[in-house]
Amino acid sequence: MDNLEVGMKLHALYTDGEYYPAIIVNISTGKARKGAPVKVSYVGYGEEENTWLPLSKLKSKKLPKVESKPEPKAKAKAKAKGKAKEIEWDYSGLEKGKRVQAKADGKFWAAEVLTVSKDKKRAKAPVKVRFVGYTKESDEWVGADRLMSKALKPMSKAKKSEGTKPLSIPSVARKMLLVKPKIEAPLDPGFRPVILAKKAYLEAAKDCEDKLEWALVRADGVARYSLPVFSEKSKESRISSYLAGVLIQEMIWQRSASELMLHGPAKICKALKAAYSKGGAYEFEVMSMPNVCGTPDKPFVVTIVENLSDLPENKDSPQVCGKDANGCRLAFDLGKSDIKTVAVKDNEVLYSKETEWDVTAEDPEYHYNAIMDAMKLAKAALPKVDAIGGSATGTISADNDATWCDIFPNVKPDVYKEKVVPIFKRIAKDLAGDVPLKVINDGEVTALAAVQAIKKGNVMGISMGSSEGAGYANEDGNLMGWISELCYVKLDLNPKAPTDPWSKGAHRGLSHLYLGQRGATKLAEKGGVDIPDNYKFSHPDMSTIKHEHHAQCLKLIQKAMEKEEKKEQVSKIYETCGVYLGYALAQYSEFYKIDHVMILGRVSKGAGGDIMLDTAKKVLAEEFPQYAHIEFHTADDHFKGVGQCIAAAALPKI
């Protein structure tokens, strides 16, 4: 150890079995640390990943090589008989502050749980403990083999089947795909945009002769894509398989799909078929799409075809919606935090109100009554009702069915099909009889309202509220017939990117945690905002689908922006969100022709919102000059209070 010193750079073994660049932050000569005397910090990762390691898990020219010992014969015999299955442990009973016994230097000592990581890399040692009577310098990550607690139990089969481990980027792909952005996110230095990974990949694969082609089939259309891929015989073929999976996922959430058809190298096609099957990396999409498409009884299908001609051609079915709110109309907008209702007469808003509701309620009658009560108050402002328009998060069919709306996340599937799918039609019927009804996605209403406001097409609307709500209107001001659920699109390839509660931990780096209020609240602590412990991003309260804590946390961020002594550091939160937005728009521009973008939602309010938009413009100007022409528009009070309402009310034609 004489050759080692604090600050020295080397490579250290991580829990995934690979070596990564690290820096020595502490060296101990105490007896308690003799088994693992060197504490390292992995380059590019947070302090929470710091760990104590033995010399055998470090690589440096200043360290003597450790010769591997020959395997004892007894162990060889045991191997011949086959390894016993490793026990999987359920750590859910270990909460922050819980007292346990943790092993160090062959003995068990009293310790306290600091955190339990769900990171795949931490699978073997997911519990961080602090030994009673010791400082944080002795904190250590441990696994079940070094813990004693009644709360630690072998995982049951039922528990194993819950959720999905997030897909990890292959080691071979990291050097190529993890591209550092030109405009860095000040509070998220590990942010690695998907759009830059695509760009780097296409440059590296430009001379590849093989191509992977796919078609995503939906009821009223087909999405096609062609990707050059590396030879199946090369190790780079895994990079092709991985990136293809990410791109397919992106296109699925843009347009929906009931079937994935593949044509190309057999090995890559088989890998993708496995990934897009039940139990695969994209099981969340496989299980979600039947509901999204309104065919819950028809499973998602993956087909490999021999001939390119067997893939159907690209097809879209643009939708024309009403744009004149003539007559007496009611409209609603169902968000994840509140219900907004309006009464409109001949394009003039007579009544408007926002009512809070609990989207996590399991009883569909609660949701029906909440919407109905709010709508009745709006109805009282009109002499009659000629039509009803509406918007909601999620996907709504052309026949106004709530095929897959994530504002009803806890309603059981069989009950959802019976009670929630027809809820909009039931409300309209009970409220006003057989009047015309039209309900669409909330992001689409934003896009249509923006078209009417700026009098131009090729408009993307992005609402940065509880999550990202997005919609797009083409050059004619009409909808594309796509679902544009962009909150489920991966924006960040950082292996340490956060998971989200909607995909239940299946993916990392989805837009949910970048372009909505959670994009800001996850940075609050780093931005120097004084917040309660349960508003810190690492706290379990911030990892549920409930939005209340995030809404309150955002208010604290906005208040901090008003304090001169805090403003400089807090501004970095909005700069970081602006970096997210700029790279996201460049990513979206591959599939949407965007000339204008309308930004609204609580994250875009005030001076912080201006900083965010200026940063996004800077990203486009310096990293993607081909998209620097995109004009940014913000929602004024008239647009938020009236423009969207009129657009929603105008949807049905009288």
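Because the structure is predicted, anything quoted here is derived from the model rather than measured.
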Check: For Lys593 and Tyr472, which heavy atoms make the closest approach, and how far apart are they?
Finding: O-OH, 2.6 Å
Notebook entry, point to check: Can you tell me if Glu444 uses its side chain to pair, donor with acceptor, with the backbone of Asn441 under 3.5 Å?
Noted result: yes
Check: Just by distance, do the side chain of Asn534 and the backbone of Asp541 share a donor-acceptor pair under 3.5 Å?
Finding: no
Notebook entry, point to check: Are side-chain heavy atoms of Ser589 and Ile630 found at a separation under 4.5 Å?
Noted result: yes
Checklist line | Within-4.5 Å side-chain heavy-atom neighbours: Thr403 and Ile396 | finding: no
Margin query: Given the ring of Tyr514, does Lys522 sit roughly above its face, with NZ or CZ under 6.0 Å from the centre of the six-membered ring and within 45° of the axis?
Written below: yes
Checklist line | Short side-chain to backbone donor-acceptor contact, Asp333 and Lys340, under 3.5 Å | finding: no
Notebook entry, point to check: Do Thr521 and Tyr535 come close enough that some side-chain heavy atom pair is under 4.5 Å?
Noted result: no
Check: To the nearest 0.5 Å, how far apart are CD in Glu250 and CG in Leu491?
Finding: 8.5 Å
Margin query: Using side-chain hydrogen bond (donor to acceptor under 3.5 Å, both in side chains), reason through Asp533 and His539 one step at a time and then give a plain yes or no.
Written below: CA-CA 7 Å; Asp533 284 345; His539 196 278; over 6 Å; no
Margin query: Can you list everything that forms a salt bridge (Lys or Arg N to Asp or Glu O under 4.0 Å) with Asp401? Sequence neighbours excluded, please.
Written below: Lys425
Notebook entry, point to check: In Å, rounded to the nearest 0.5 Å, how long is the span from OG of Ser571 to CD1 of Ile611?
Noted result: 3.5 Å
Notebook entry, point to check: Nearest 0.5 Å, what's the CD-OG distance between Glu548 and Ser466?
Noted result: 9.0 Å
Item checked: Atom pair OG1/NZ of Thr115 and Lys96 - distance to nearest 0.5 Å -> 8.0 Å
Notebook entry, point to check: So, the side chain of Glu575 versus the backbone of Leu187: is there a donor-acceptor pair under 3.5 Å, distance only?
Noted result: no
Notebook entry, point to check: For Gln249 and Tyr276, which heavy atoms make the closest approach, and how far apart are they?
Noted result: N-OH, 2.9 Å
Notebook entry, point to check: CD/Glu525 to CD1/Ile531 distance, rounded to the nearest 0.5 angstrom?
Noted result: 5.5 Å
Item checked: Heavy-atom side-chain proximity of Lys618 to Asp614 below 4.5 angstrom -> no
Notebook entry, point to check: Where the side chain of Ser503 meets the backbone of Thr499, is there a donor-acceptor pair that is under 3.5 Å apart?
Noted result: no
What pairs of donor and acceptor atoms, side-chain ones from residues 177-186 against any protein atom, are under 3.5 angstrom apart with sequence neighbours left out?
from   : atom 1 : to     : atom 2 : distance (Å)
Lys182 : NZ     : Glu622 : O      : 3.3

Checklist line | For Ser256 against Val292, the heavy-atom pair lying closest together | finding: CB-CG1, 3.9 Å
Next item on the list: Could you give me the CA-CA distance, side-chain angles and deciding distance for Arg508 and Leu513, then say whether side-chain contact (heavy atoms from CB on, under 4.5 Å) is met?
Entry: CA-CA 9 Å; Arg508 294 187 181 279; Leu513 295 183; over 6 Å; no
Next item on the list: Could you walk me through whether Ile545 and Asp500 pass the side-chain contact (heavy atoms from CB on, under 4.5 Å) test, one step at a time?
Entry: CA-CA 8 Å; Ile545 59 175; Asp500 66 276; over 6 Å; no
Check: When rounded to the nearest 0.5 angstrom, what is the spacing between CG in Asn291 and OG1 in Thr395?
Finding: 8.5 Å
Notebook entry, point to check: Do you know which of Trp482, Trp404, Phe591 makes ring-ring contact (aromatic ring centres under 6.0 Å, His included) with Trp253?
Noted result: Trp404
Checklist line | Derivation and outcome, salt bridge (charged side-chain N to carboxylate O under 4.0 Å, His left out), residues Glu475 and Lys456 | finding: CA-CA 7 Å; Glu475 60 183 346; Lys456 293 179 181 177; over 6 Å; no
Item checked: Those residues that, when tested against Arg218, pass salt bridge (Lys or Arg N to Asp or Glu O under 4.0 Å) (two or more places apart) -> Asp220, Asp316
Next item on the list: Report yes or no: does Gln254 contribute a side-chain atom to a donor-acceptor pair with the main-chain N or O of Ala223 at less than 3.5 Å?
Entry: no
Check: Within a strict 4.5 Å, meaning less than it, do heavy atoms of the Met251 and Arg255 side chains meet?
Finding: yes
Next item on the list: State, yes or no, whether a side-chain contact exists between Ile252 and Phe300 at a heavy-atom distance under 4.5 Å.
Entry: yes
Notebook entry, point to check: Does Lys323 NZ have over 12 foreign heavy atoms under 6.0 Å away?
Noted result: yes
Notebook entry, point to check: More than 12 non-hydrogen atoms from neighbouring residues, nucleotides or ligands closer than 6.0 Å to CD on Glu565, yes or no?
Noted result: yes
Note to self: Donor-acceptor check, side chain of Tyr574 to backbone of Thr615, threshold 3.5 angstrom: yes or no?
What the structure shows: no
Notebook entry, point to check: Is it true that atom CD of Glu356 has more than 12 heavy atoms of other residues, nucleotides or ligands lying nearer than 6.0 Å?
Noted result: no
Check: Looking only at atom types and distance, does a side-chain atom of Lys566 sit under 3.5 Å from a main-chain N or O of Gly528, one as donor and one as acceptor?
Finding: yes
Checklist line | Leu272 versus Ala244, closest heavy-atom pair with distance | finding: CD1-CB, 3.9 Å
Check: Do the side chains of Thr634 and Leu600 get nearer than 4.5 Å, heavy atoms only?
Finding: no
Note to self: Test your reading of the model: is there a side-chain donor-acceptor pair from Ser258 to the backbone of Val217, 3.5 Å cut-off?
What the structure shows: yes
Item checked: Main-chain N/O of Thr360 paired with Asn410 side-chain donor or acceptor, under 3.5 Å -> yes
Margin query: Could you report the tightest heavy-atom contact between Val459 and Ala450, atom names first, then the distance?
Written below: CG1-CB, 3.6 Å
Check: Relative to each other, are the rings of Tyr225 and Trp214 parallel, tilted or perpendicular (30° and 60° limits)?
Finding: parallel
Notebook entry, point to check: So which heavy atom on Ser240 is nearest to which on Tyr201, and how close?
Noted result: OG-OH, 2.7 Å
Next item on the list: Answer whether the closest heavy-atom distance between the side chains of Leu334 and Trp357 falls below 4.5 Å.
Entry: yes
Checklist line | Trace of the side-chain contact (heavy atoms from CB on, under 4.5 Å) decision for Gln569 with Lys572 | finding: CA-CA 6 Å; Gln569 184 66 13; Lys572 293 178 182 179; 3.3 Å; yes
Item checked: Test side-chain contact (heavy atoms from CB on, under 4.5 Å) applied to Ile594 and Asn458, step by step -> CA-CA 5 Å; Ile594 304 173; Asn458 292 332; over 6 Å; no
Notebook entry, point to check: His507 and Tyr488: aromatic ring centres closer than 6.0 Å?
Noted result: no
